[in-house]
Amino acid sequence: MAMENHSAVREFVLGGLSVDPYVQVVLSVLFLLIYLLTLLGNVLLLVVITADSHLHTPMYFFLRQLSFLDLCHSSVTAPKMLENLLSEEKTIFVESCLAQAFFVFATGGAEACLLAVMAYDRYVAISSPLLYSQVMSKQLCVGLVWGSWGLAFVDALINILLAVSLVFCEDQTIPHFSCELSSLFPLSCSNTSVNFTVLLCSSVFHFFGTLVLIVCSYARIISAVLRVSSSTGRNKAFSTCLSHLTTVILFYGSGFISYLLPASGSPLEMVFSLQYSVITPMLNPLIYSLKNKEVKAAVRRMVRKYFQPVL
């Protein structure tokens, strides 16, 4: 019965990034390269962490989950965006659009929860290094990851079930390169006040809630680090948090701005949305590997083990 409500409109048109065919070709090549680098970087990080026993610690367990989430998040939007850049008909079925909006919300929400969990992990590692392995047990780590996925999917499901009941009519063009809940509401001729309220509450309690947890964790981390007597110890403690803090700034900075801006298809909105959904998943493997001695050492060990005999 819910799907019959969409009989007025069967497809949406994704406004995309440009109407100029030459610009579209350039953008398709650029974003294909970015997507391939995202796949390569995150898959490589997954393989390295899984294969190297030295990285079987809570920190890298969560990092492996982050890489998997980045693969999922970018794969929800990038393939359809690339298809639309190379095709004349930039359409998407209403059901497919709702599915994409669900997975964008779910993977983004799971990543927000996971970043909060990783902040707590860093707090425990710095404030209680001797008890770290006991506090961050395997059962707790697995439970925190499943909890992150569960909360995100429940939150996304509530919002998408409300969106399924909307009647879409009149203007069929989404001024965006992907389907997000906030961009669907203006296309509905139904009353979207309930949908908007629920989405706002979800954003406040889910995304802002996890940000508050991250800020509290870092406040405690700073307090713990300042109690360290040696400057070398303080620098080492801060360096373990630098990669995570960079990811948090990229994720929340671009994500919040893209959601707070009205769905108008403005260049500024597109830039922040692209960084949130396409650029950040590509950068995360670089952030966590370029200055991480343990990851670089694991890569060298894997190269020696699997490739040196061939050479």
Side-chain angles (χ1 to χ4, degrees), residues 41-72 109-152 209-249 251 284-305:
N42 284 287
V43 168
L44 180 60
L45 200 56
L46 279 169
V47 170
V48 169
I49 294 174
T50 303
D52 197 296
S53 60
H54 296 85
L55 302 183
H56 291 178
T57 63
M59 173 182 171
Y60 292 103
F61 173 77
F62 295 131
L63 180 55
R64 185 172 61 179
Q65 305 305 317
L66 180 64
S67 291
F68 178 70
L69 264 172
D70 283 335
L71 282 173
C72 295
E111 186 155 343
C113 291
L114 186 62
L115 289 175
V117 168
M118 294 173 75
Y120 174 71
D121 170 72
R122 290 299 83 211
Y123 161 66
V124 175
I126 291 173
S127 63
S128 306
L130 298 179
L131 300 175
Y132 176 62
S133 59
Q134 297 179 20
V135 175
M136 301 303 295
S137 63
K138 182 178 180 180
Q139 292 80 3
L140 178 62
C141 293
V142 172
L144 289 172
V145 169
W146 278 109
S148 299
W149 278 102
L151 286 173
T210 52
L211 181 60
V212 168
L213 293 176
I214 291 172
V215 171
C216 290
S217 294
Y218 271 98
R220 291 172 174 262
I221 287 171
I222 292 172
S223 176
V225 170
L226 291 178
R227 291 197 297 268
V228 177
S229 57
S230 67
S231 59
T232 303
R234 287 196 296 269
N235 291 335
K236 184 178 180 180
F238 274 126
S239 66
T240 63
C241 302
L242 184 60
S243 298
H244 176 261
L245 193 57
T246 304
T247 300
V248 167
I249 292 171
F251 178 82
N284 281 343
L286 298 176
I287 292 170
Y288 277 96
S289 61
L290 288 180
K291 292 188 177 182
N292 190 309
K293 295 180 180 179
E294 292 179 325
V295 172
K296 289 190 288 187
V299 171
R300 287 193 293 268
R301 285 193 292 268
M302 189 173 71
V303 170
R304 287 197 298 267
K305 181 178 180 180

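Only heavy atoms go into these numbers, but all of them, side chains included; no hydrogens, no water, no symmetry mates. All residue numbers refer to positions in the sequence shown, counting from 1.
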Undergrad: Stepwise, does the side-chain contact (heavy atoms from CB on, under 4.5 Å) test hold for Phe251 with Asp70?
TA: CA-CA 11 Å; Phe251 178 82; Asp70 283 335; over 6 Å; no

Undergrad: Which value, rounded to the nearest 0.5 Å, describes the distance between Arg64 atom CZ and Leu45 atom CG?
TA: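 Spacing of CZ (Arg64) from CG (Leu45) equals 10.5 Å.
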
Undergrad: Working to the nearest 0.5 Å, report the span between OG1 of Thr50 and NE2 of His56.
TA: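 Thr50 OG1 to His56 NE2: 6.5 Å, rounded to 0.5 Å.
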
Undergrad: How many angstroms lie between atom CG of Leu71 and atom CG of Leu46, to the nearest 0.5 angstrom?
TA: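 That separation rounds to 6.0 Å.
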
Undergrad: Can you measure from OH (Tyr288) to CD (Glu294) and round to the nearest 0.5 angstrom?
TA: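 Separation between the atoms: 13.5 Å.
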
Undergrad: How close do Ile49 and Tyr60 get, heavy atom to heavy atom, and via which atoms?
TA: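 The answer is CG2-O, 3.5 Å.
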
Undergrad: Decide yes or no on side-chain contact (heavy atoms from CB on, under 4.5 Å) for Ile221 and Cys241, but give the supporting numbers first.
TA: CA-CA 9 Å; Ile221 287 171; Cys241 302; 4.1 Å; yes

Undergrad: Which of these, Thr210, Leu63, Leu66, sits in a side chain to side chain contact (heavy atoms under 4.5 Å, CB included) with Leu114?
TA: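 By the side chain to side chain contact (heavy atoms under 4.5 Å, CB included) criterion, Leu114 pairs with just one of Thr210, Leu63, Leu66: Leu66.
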
Undergrad: Atom OG in Ser148, atom CG in Leu115: separation rounded to 0.5 Å?
TA: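 One gets 9.5 Å once the value is rounded to the nearest 0.5 Å.
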
Undergrad: Could you check whether atom CZ of Phe68 has more than 12 heavy atoms from other residues, nucleotides or ligands sitting under 6.0 Å from it?
TA: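 Result for CZ/Phe68: open.
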
Undergrad: To the nearest 0.5 Å, how far apart are CE in Met118 and OG1 in Thr247?
TA: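 Here the interatomic distance stands at 7.0 Å.
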
Undergrad: Where is the tightest heavy-atom contact between Ala152 and Gly109, given as atom of each residue plus distance?
TA: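 In terms of heavy atoms, the two residues are closest at CB-C, 3.6 Å.
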
Undergrad: State, yes or no, whether a side-chain contact exists between Cys216 and Tyr123 at a heavy-atom distance under 4.5 Å.
TA: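 They are not in contact (no side-chain heavy atoms under 4.5 Å apart), so the answer is no.
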
Undergrad: Taking the side chain as C-beta and beyond, is there a heavy-atom pair between Asp121 and Tyr132 under 4.5 Å?
TA: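 Side-chain contact under 4.5 Å: yes.
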
Undergrad: Residues in side chain to side chain contact (heavy atoms under 4.5 Å, CB included) with Leu144, at least two apart?
TA: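 Once residues adjacent in sequence are excluded, the partners of Leu144 under the side chain to side chain contact (heavy atoms under 4.5 Å, CB included) criterion are Phe62, Val117, Met136, Leu140.
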
